[in-house]
Amino acid sequence: MKIGAGTTVKALQAGLPLDPLENRILLCHALGLTRVGLITNAERVLNEEEAVKLDALLARRLGGEPIAYIVGQREFFGLPFQVSPAVLIPRPDTELIVELVLERLAPAARLLDMGTGSGAIAVAVAHTRPDASVTALDVSEAALAVARANAARNGTKVRFLRSDWFAALGSESFDLIASNPPYIAAGDTHLAKGDLRFEPSGALTDFADGLSALRTIIGGAPAHLAAGGWLLLEHGYDQADAVRALLLDAGYTEVQSWRDLSGIERVSGGRRS
């Protein structure tokens with residue numbers, strides 16, 4: 001589809017070959033309009049510069065690039081998050097782990113978010129519970145730069161560390177540890193489909209059986225968890241049984257799994273005995 005100068009906003013809303021939501025997102029981004037602005041500017045006519053810009057953005061989306069990377073933003077837990085190809089795109093499924101953290105976080109408690117990526121979990125918790133002491137780590141400096149920007153954008157106080165899992169923590173202890181680690185097995189066909197083709201592979205897969213990062217966190221967390229502290233882990237749609245078994249083998253108590261909005265067991269966890 002070639003977009004030409006002189007096309008109206010109303011015609012584009014009806015005529016772009018994307019679903020209605022993506023049409024609105026792309027138009028708002030390209031033309032600097034709000035959703036209300038799309039309605040009040042329905043008869044606005046695109047100039048040549050606007051038509052060229054929108055045409056280029058549309059071509060990127062039709063080529064499969066995630067809409068969140070094109071516009072540089074995704075909403076998560078009601079907050080705006082900057083995203084780039086350096087980080088995973090925050091997904092609604094991950095809001096479950098935020099809710100579980102908030103239910104278990106005592107006043108002024110210490111939270112560790114491991115493999116923070118865009119900072120979604122850490123920033124959402126810190127925004128909701130400014131009394132909490134939130135630390136977030138990631139091995140990627142590029143990801144940490146995005147996470148720091150998101151913490152600042154949302155007015156939250158989060159301490160960020162560059163660390164390969166527990167390596168930089170020394171003897172620090174936390175009341176709760178949460179993580180959405182890489183859990184897709186190497187060679188999984190999902191990695192070659194949809195948005196995953198564009199997201200950082202190291203944040204998606206452990207390049208092994210899909211459980212190696214989860215094993216590392218489960219094995220190392222007790223040394224950094226206060227007595228009775230919770231470990232909460234997001235995992236794949238078919239990994240709940242395996243993750244619960246790992247937690248039980250490592251001596252965690254109250255081991256259980258929780259279902260996301262699709263009814264899939266998406267988060268599993270337990271307490272340090």
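Since this is a predicted model, take the numbers as computed values, not measurements.
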Return the [atom1] to [atom2] distance between [X] and [Y], rounded to the nearest 0.5 Å.
| X | Y | atom1 | atom2 | answer |
| --- | --- | --- | --- | --- |
| Leu58 | Leu18 | CG | CG | 5.5 Å |
| Asp206 | Tyr183 | CG | OH | 12.0 Å |
| Arg244 | Leu233 | CZ | CG | 12.5 Å |
| Ile97 | His235 | CD1 | NE2 | 9.0 Å |
| Leu191 | Ile184 | CG | CD1 | 5.0 Å |
| Thr40 | Arg35 | OG1 | CZ | 13.5 Å |

Measure from the side-chain N and O atoms of [X] to the backbone N and O of [Y], and report whether any donor-acceptor pair falls under 3.5 Å.
| X | Y | answer |
| --- | --- | --- |
| Asp138 | Thr116 | yes |
| Asp260 | Gly263 | yes |
| Ser262 | Ile264 | no |
| Asp55 | Ile3 | yes |
| Arg271 | Glu254 | no |
| Arg60 | Ala56 | no |
| Tyr252 | Leu246 | no |
| Asp131 | Ala108 | yes |
| Asn41 | Gly37 | yes |

Distance only, no hydrogens: is a donor on one side chain within 3.5 Å (strictly under) of an acceptor on the other, for [X] and [Y]?
| X | Y | result |
| --- | --- | --- |
| Glu265 | Tyr237 | no |
| Ser268 | Gln256 | no |
| Gln73 | Arg153 | yes |
| Arg110 | Ser133 | no |

Can you get from [X] to [Y] by hopping between Ile, Leu, Val, Met, Phe, Trp and Tyr side chains that sit under 4.5 Å apart?
| X | Y | answer |
| --- | --- | --- |
| Leu214 | Leu169 | yes |
| Ile25 | Val36 | no |
| Leu161 | Val158 | no |
| Leu176 | Phe160 | yes |
| Val83 | Leu57 | no |

Identify the two heavy atoms, one from [X] and one from [Y], that lie closest to each other, and give their separation to 0.1 Å.
| X | Y | result |
| --- | --- | --- |
| Gly270 | Leu247 | N-CD1, 4.3 Å |
| Pro80 | Asn150 | O-OD1, 4.3 Å |
| Ala242 | Leu211 | CB-CD1, 4.0 Å |
| Phe76 | Ala124 | CE2-CB, 4.1 Å |
| Leu54 | Ala30 | CD1-CB, 3.7 Å |
| Asp175 | Ala226 | OD1-CB, 3.9 Å |

Is any side-chain heavy atom of [X] less than 4.5 Å from a side-chain heavy atom of [Y]?
| X | Y | result |
| --- | --- | --- |
| Leu204 | Pro182 | no |
| Arg162 | Leu137 | no |
| Ser257 | Val267 | no |
| Phe198 | Pro85 | no |
| Trp230 | Ile177 | no |
| Ile217 | Pro181 | yes |
| Val101 | Leu111 | yes |
| Asn23 | Leu12 | no |

Notebook entry, point to check: Under the side chain to side chain donor-acceptor pair (under 3.5 Å) rule, what pairs show up with a residue in residues 75-92, not counting sequence neighbours?
Noted result: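 Sorted pair list: Arg91-Glu199.
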Item checked: Leu27/Leu16 under side-chain contact (heavy atoms from CB on, under 4.5 Å): CA gap, chis, key distance, verdict -> CA-CA 10 Å; Leu27 282 167; Leu16 290 184; 4.1 Å; yes
Under 4.0 Å between a Lys/Arg side-chain N and an Asp/Glu carboxylate O for [X] and [Y]?
| X | Y | value |
| --- | --- | --- |
| Glu141 | Arg148 | yes |
| Glu50 | Arg44 | yes |
| Asp209 | Arg215 | yes |

Next item on the list: Report, as yes or no, whether the 6.0 Å neighbourhood of atom CG on Leu261 holds more than 12 heavy atoms from other residues, nucleotides or ligands.
Entry: no
Check: Does the side-chain contact (heavy atoms from CB on, under 4.5 Å) test come out yes or no for Val123 and Phe77, once each step is laid out?
Finding: CA-CA 10 Å; Val123 171; Phe77 217 73; over 6 Å; no
Item checked: Derivation of the side-chain contact (heavy atoms from CB on, under 4.5 Å) call for Val45 and Thr7 -> CA-CA 5 Å; Val45 175; Thr7 309; over 6 Å; no
Next item on the list: Quick one: do Thr205 and Asp188 satisfy side-chain contact (heavy atoms from CB on, under 4.5 Å)? Show the steps, please.
Entry: CA-CA 9 Å; Thr205 177; Asp188 189 299; over 6 Å; no
Margin query: So, using ring pair (Phe, Tyr, Trp, His ring centres under 6.0 Å) as the criterion, who are the partners of Phe166 when residues are at least two apart?
Written below: His224
Item checked: Residues Glu172, Arg159; criterion salt bridge (charged side-chain N to carboxylate O under 4.0 Å, His left out); working and verdict -> CA-CA 13 Å; Glu172 286 189 67; Arg159 170 192 173 219; 2.7 Å; yes
